[in-house]
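Lettering follows sequence order; numbering is per chain, from 1. Computation of the quantities below employed the complete heavy-atom set of this structure, encompassing side-chain atoms and omitting hydrogens, waters and symmetry-equivalent molecules.
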Number of protein chains: 4
Amino acid sequence: MATRRPRTAPRKRPTQERAVATVDAILQAAAYILVRHGWDGFTTNRVAERAGVNIASLYQYFPNKEALVVELQRRHVAKSRVGMRGAVDVLRAQPSLPVMLRWVVEAAVAEHRVAPELHRVFTEELPRSARAAPDVSDAEVERFWMRVLEPFAREVPDLALAAFVLRVTLHAVIHEAACARPELLDRPEFIDDVVVLLDRYLRREPAPRRARGRARTA
Amino acid sequence: MATRRPRTAPRKRPTQERAVATVDAILQAAAYILVRHGWDGFTTNRVAERAGVNIASLYQYFPNKEALVVELQRRHVAKSRVGMRGAVDVLRAQPSLPVMLRWVVEAAVAEHRVAPELHRVFTEELPRSARAAPDVSDAEVERFWMRVLEPFAREVPDLALAAFVLRVTLHAVIHEAACARPELLDRPEFIDDVVVLLDRYLRREPAPRRARGRARTA
Amino acid sequence: MATRRPRTAPRKRPTQERAVATVDAILQAAAYILVRHGWDGFTTNRVAERAGVNIASLYQYFPNKEALVVELQRRHVAKSRVGMRGAVDVLRAQPSLPVMLRWVVEAAVAEHRVAPELHRVFTEELPRSARAAPDVSDAEVERFWMRVLEPFAREVPDLALAAFVLRVTLHAVIHEAACARPELLDRPEFIDDVVVLLDRYLRREPAPRRARGRARTA
Amino acid sequence: MATRRPRTAPRKRPTQERAVATVDAILQAAAYILVRHGWDGFTTNRVAERAGVNIASLYQYFPNKEALVVELQRRHVAKSRVGMRGAVDVLRAQPSLPVMLRWVVEAAVAEHRVAPELHRVFTEELPRSARAAPDVSDAEVERFWMRVLEPFAREVPDLALAAFVLRVTLHAVIHEAACARPELLDRPEFIDDVVVLLDRYLRREPAPRRARGRARTA
DNA sequence: AATGAATGAGAGTTCATTCAT
DNA sequence: GATGAATGAACTCTCATTCAT
């Protein structure tokens, strides 16, 4: 509600090789400072100093502090989304629900492994002005889920609601694990459990016949 | 990793009546500024001005900026936790799982209704240095859940893991709803759905007998 | 045409004696720096340093650099206008034209003696953004002249035009003298000459030899 | 008093055709920026960008920012003075005073029509460091006037003073009109009036009724 | 002749915080 | 207990100018 968002589009594309290196150094330094000192300690001077470039060079490529972080997020997301691509393809093929969920959960976990600390700062500290507009909106994600789930979630009374719950839950559990209990990401039981959580939520009954209704065995 | 956390304990308890009023005015102004301008726009001078007190008075009661926000969080949590008390008592009585869950979910929803915008800033913008140490740690909450769930979650292979998933999911879904889709909090289907989500996750089998296996009907 | 004018109203009135002294020191330093280094060399840090106060103190009383200069102009004008008051009263009494003119010229000269160098910077170097809106507009001055001259300037074909010429000439000659030939201000012949210039311009007749002694008809 | 004036002589004459075009583009852009953004907004980077040339190219022809503006003034004056040449020739022929004055006034008006906005910036905003040394000094102009007026201004007690007043008045009235009331320049009455002003000032007699129509004696 | 890249120096401005009354 | 005044330390961002190609 507060301050108007300043323009964050990069100022000038580096064309020479040297300049590309400069921009990379700046962004790498920015990531470091952001993780190390948080948004409050993220000052352009610090970034420039750490990058070993003059502060004015920084401003030749980024119009302001926010733009730096936005570009950082853009690149982070680009890297993170790689695994999600494959999962989305699987979803389109519509195998069984547990199989689909497993793919997505694993993609989400992979996503969170990329740079968990950076991810944490992005989600937990940035003011609105420094948040990158997401390339895919939550609403779009939910619509996508609705289409995918439609054949499977016959027993779900409100599909839109379920899509919302699904999106939030999926992300929250993995995000929190990545931030607070990173070791969980490596345990197969964790992934299994998340799949179970979502699978049972969506396919409400008749419940899996057998005692250990794991997604794996379904 | 970041900067060392400064002491945030309030500086001196106001004893006279006038002083109590001063402190209240300061905190109210602080909440307003925080919601309105975000953490970045939250400056002690602004707070003092809005509160109508001199900046030096502010520093007589709060040793620094962070302390202000910490106290704000303390009071917010105190208000929020009221409903949770009752729920905890119910849990101790150990009725059926869905009943227990419904109580907790409803308490959590009530909690998020208290001051959603303030809540959002607390969770999404504060730097570590301004975050209040929670009065109950996540680990404690999870241990509590383990004790509570023990009789019900027989089919759950890893109770500690389940407690983690439960805690995170419960909070995330309601928190996100409160922040992004506040109207959801008023829909009974929403609460129902969250109960279903958790109930089916914890009681993995045999599944509810009938077609619309809502918690409500269990 | 360029940049929008920033707000230049002073930020906060000093109430304690100490603060009044601070503000005075700042303004005095500002005048010094402005005269010494011109608008381009007029930096708030320099001013604060010269005034012996912290830069933040400066900003507590003036919202920005321009405001400082605007206040300087305000005070300068206030001082300068003192003599003009008397002259205006004389004009209202409507003695003979030369007498009136002499009063005004002398007041204008006095005005330009106040702080000629400062005056020069004000008129010759300030960007629009730092120019104080005049308390009396040129148009108003001209309207005043028209009223005053009406009984005397019977032979003047276009009184509005004459008021414009009068205003500009009067100011320019004295201003230029003050800036480039300050010694002129002390010579009575100078004042006499300016009076002659304006008097003969306004009282055109009996014109030299012919009625409408226009160059054209000469 | 201010900062030492840096050398402003152009750095190197463009010899190739391409280079001439470059210099012209730079100067044209400079004029645009100066008029549009004022001296304060006049930055070499902006000029280079607008000119479509690299900043380094700009510095190949101009040693610094001031030099740019100085060259701009040089060219402006060259263009402006064209009409004045003719007038000067007329003056040398010594026709009647009103005729001479009319020529000069008209030349001055034409001069001010060339690029009034640029002219305004030159006279009202440039710091000393960026002001071009005039090719003809004020003193020279005044000496010239003295020679010209000598046969006509017999009644003028101090010819040097009159030359000063004449020079200043002539310029100021037309300059102010050009800046603040441009429509005046097109009205013949305006020119007439200025001629009358100067003519009557210089040819004092036969004075209106009395010999030395001084205010003093009135 | 021309350009992309780089930079030292500094400008304006804010802020958390303390002191003196 | 409360206030007006004051300040050290940064911070963001710009600019004139130069270097390497």
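For Asn54(B), no side-chain nitrogen or oxygen approaches OP1 or OP2 of dA2(F) to under 4.0 Å. For the pair Arg18(C) and dG4(F), the criterion of a side-chain N or O lying under 4.0 Å from OP1 or OP2 is not met. Thr22(D) has no side-chain polar atom (N or O) that falls below the 4.0 Å cut-off from OP1 or OP2 of dA1(E).
Rounded to whole Å, atom C1' of dA2(F) lies 11 Å from atom CD1 of Ile26(B). When the P atom of dA16(F) is taken as reference, atom CZ of Phe62(D) falls 15 Å away, rounded to whole Å. The nearest whole Å value for the distance from the CG atom in Asn45(B) to the P atom in dT3(F) is 14 Å. Atom-to-atom, CZ of Arg13(A) to P of dT3(E) comes out at 22 Å; the value is rounded to the nearest Å. Protein atom CG of Leu58(C) is 13 Å distant from nucleotide atom C1' of dA11(E), rounded to whole Å. The interatomic distance linking His37(A) (NE2) with dC11(F) (C1') rounds to 15 Å, in whole Å. Atom CG in Asp40(D) sits roughly 13 Å away from atom C1' in dG12(E) (whole-Å rounding). If you take CD of Glu49(A) and C1' of dA6(E), they are 17 Å apart, rounded to a whole angstrom.
Where Val53(D) and Phe42(B) meet DNA chain E, the nucleotide closest to each residue was compared, and Val53(D) sits on the side nearer the 5' end. Take the nearest nucleotide of DNA chain F for Val20(C) and for Gly41(D): the residue whose nucleotide is more 5' is Val20(C).
Remark: Arg131(C) does not engage Glu66(C) in a salt bridge, criterion side-chain N to carboxylate O under 4.0 Å.
Contact check for Glu71(A) versus Arg74(A): side-chain heavy atoms found under the 4.5 Å cut-off. Contact annotation: the side chain of Asp40(A) approaches that of Asp40(B) to within less than 4.5 Å [non-hydrogen atoms, C-beta and beyond].
Side chain of Arg46(A) to main chain of Gly41(A): a donor-acceptor pair is present (N/O by atom type, distance under 3.5 Å, no hydrogens or angles).
The side chain of Tyr61(A) has dA5(E) as its nearest neighbour among dA5(E), dT17(F), dA5(F). Listed nucleotides: dA16(F), dG12(E), dA5(F). Nearest to the side chain of Thr44(C): dG12(E). Relative to the side chain of Tyr59(C), the nucleotides dT13(E), dA2(E), dT17(F) differ in distance, and dT13(E) lies closest. Looking at the side chain of Gln60(B), the nearest of the listed nucleotides dG12(E), dG1(F), dA5(F) is dG1(F). Nearest nucleotide to the side chain of Gln16(A), out of dG12(E), dC11(F), dA5(E): dA5(E). Counting only heavy atoms from C-beta on, Ala56(D) has its side chain closest to dG4(E) among dG4(E), dT14(F), dC15(E). For Thr43(C), the listed nucleotide lying nearest its side chain is dG12(E); candidates were dA5(E), dG12(E), dA6(F). For Ile55(C), counting side-chain heavy atoms from C-beta on, the closest listed nucleotide (dA11(E), dC15(E), dT14(E)) is dT14(E). Counting only heavy atoms from C-beta on, Arg11(A) has its side chain closest to dT14(F) among dA5(F), dT7(F), dT14(F).
Residue pairs meeting the ring pair (Phe, Tyr, Trp, His ring centres under 6.0 Å) criterion with at least one partner in residues 41-65 of chain C, sequence neighbours excluded, are Trp39(C)-Phe42(C).
By the neighbour-count criterion of 12 heavy atoms within 6.0 Å, atom CD of Glu124(A) is densely surrounded, having more than that number from other residues, nucleotides or ligands. Sparse packing is recorded around CZ of Arg50(B), with 12 or fewer heavy atoms of other residues, nucleotides or ligands lying under 6.0 Å away.
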Pairing pattern in dot-bracket form [Watson-Crick, G-U; both distances under 3.5 Å; | = partner strand] for DNA chain F: .||||||||||||||||||||
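Atom CD of Gln28(D) and atom CZ of Arg75(D) lie 10.5 Å apart (nearest 0.5 Å).
Using a 4.0 Å heavy-atom distance criterion, Ser57(D) is classed as a base contact.
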